[in-house]
Amino acid sequence: MVEKSHKLYYSIKEVAQEMNVTESLLRYWETEFPHLRPKTTGNRVRQYTEKDIEQIKVIYNLVKVRGFKIAAARKMLQENRSGADKSQQVLESLMSVRDQLKALKLQIDSLT
């Protein structure tokens with residue numbers, strides 16, 4: 001995906017690829033989660049901001065990683081937004097550490 005700091009908006013295709021989900025799933029989530037409302041152009045082309053992508057990551061964490069049903073995820077976001085955000089941040093940190101450990105293991109394996 002294009003370097004995020006240089007881009008204001010992302011297409012639904014770019015976001016779907018980054019999150020490894022389908023475009024139809026993103027459109028479905030828009031109907032189920034009132035906070036997820038990407039900007040649309042006159043041609044009804046969706047334009048996602050960084051904030052939208054962060055929202056999608058939180059939804060992804062709740063639904064795909066933690067296994068919440070849609071209604072439960074929606075309720076969690078409405079009642080405990082900061083907890084859901086923090087959970088997403090922890091997950092991203094853990095995934096980053098995992099990737100670093102994998103790279104380190106590859107380096108060690110190549111020395112033996």
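In this text, all values refer to a predicted model and were calculated from it rather than measured experimentally.
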Return the [atom1] to [atom2] distance between [X] and [Y], rounded to the nearest 0.5 Å.
{"X": "K75", "Y": "I70", "atom1": "NZ", "atom2": "CD1", "value": "15.5 Å"}
{"X": "I59", "Y": "L36", "atom1": "CD1", "atom2": "CG", "value": "5.0 Å"}
{"X": "Q55", "Y": "Y48", "atom1": "CD", "atom2": "OH", "value": "11.5 Å"}
{"X": "I12", "Y": "I56", "atom1": "CD1", "atom2": "CD1", "value": "8.0 Å"}
{"X": "L26", "Y": "Y60", "atom1": "CG", "atom2": "OH", "value": "11.5 Å"}

Please list, chain by chain and in numerical order, all residues satisfying side chain to side chain contact (heavy atoms under 4.5 Å, CB included) with [X], sequence neighbours excluded.
{"X": "N43", "answer": "T41, V45"}
{"X": "S24", "answer": "T22, R27"}
{"X": "S110", "answer": "none"}
{"X": "K51", "answer": "T49"}

What pairs meet the salt bridge (Lys or Arg N to Asp or Glu O under 4.0 Å) rule with one or both residues in residues 31-43, with sequence neighbours excluded?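 Matches after skipping sequence neighbours: E32-R74.
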Provide the closest heavy-atom pair for Q47 versus D52 in the form atom of the first, atom of the second, distance.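 Taking Q47 first and D52 second, the nearest heavy atoms are O-OD2, 3.9 Å.
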Exercise: identify the closest heavy-atom pair between F33 and V63: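 Closest approach of F33 to V63: CZ-CG2, 4.3 Å.
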Taking K7 first and then E14, would you say they form a salt bridge - that is, a charged N and a carboxylate O separated by under 4.0 Å?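 The answer is yes: the pair qualifies as a salt bridge.
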Assess whether salt bridge (charged side-chain N to carboxylate O under 4.0 Å, His left out) is satisfied between R46 and E23, documenting all intermediate values. CA-CA 11 Å; R46 288 167 172 80; E23 294 174 29; over 6 Å; no
Residues that, via side-chain heavy atoms closer than 4.5 angstrom, fall in one hydrophobic cluster with L111: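 Same cluster as L111: nobody, lone residue.
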Residues clustering with L101 (ILVMFWY side chains joined when closer than 4.5 Å, directly or via others):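 Taking Ile, Leu, Val, Met, Phe, Trp and Tyr as members, L101 shares its hydrophobic cluster with V97.
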What residues form a salt bridge (charged side-chain N to carboxylate O under 4.0 Å, His left out) with K102, not counting sequence neighbours?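 Salt bridge (charged side-chain N to carboxylate O under 4.0 Å, His left out) list for K102, sorted by chain: empty.
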Holding to salt bridge (charged side-chain N to carboxylate O under 4.0 Å, His left out), I want the full list of residues that pass it with D109, two or more places apart in sequence or in another chain.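 So D109 forms a salt bridge (charged side-chain N to carboxylate O under 4.0 Å, His left out) with K105.
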Step by step, work out the side chain to side chain contact (heavy atoms under 4.5 Å, CB included) result for M76 and R66. CA-CA 12 Å; M76 173 82 162; R66 297 177 64 190; 4.1 Å; yes
Going through the checks in order, is the side chain to side chain contact (heavy atoms under 4.5 Å, CB included) test met by K57 and I53? CA-CA 6 Å; K57 287 179 180 179; I53 294 170; 4.0 Å; yes
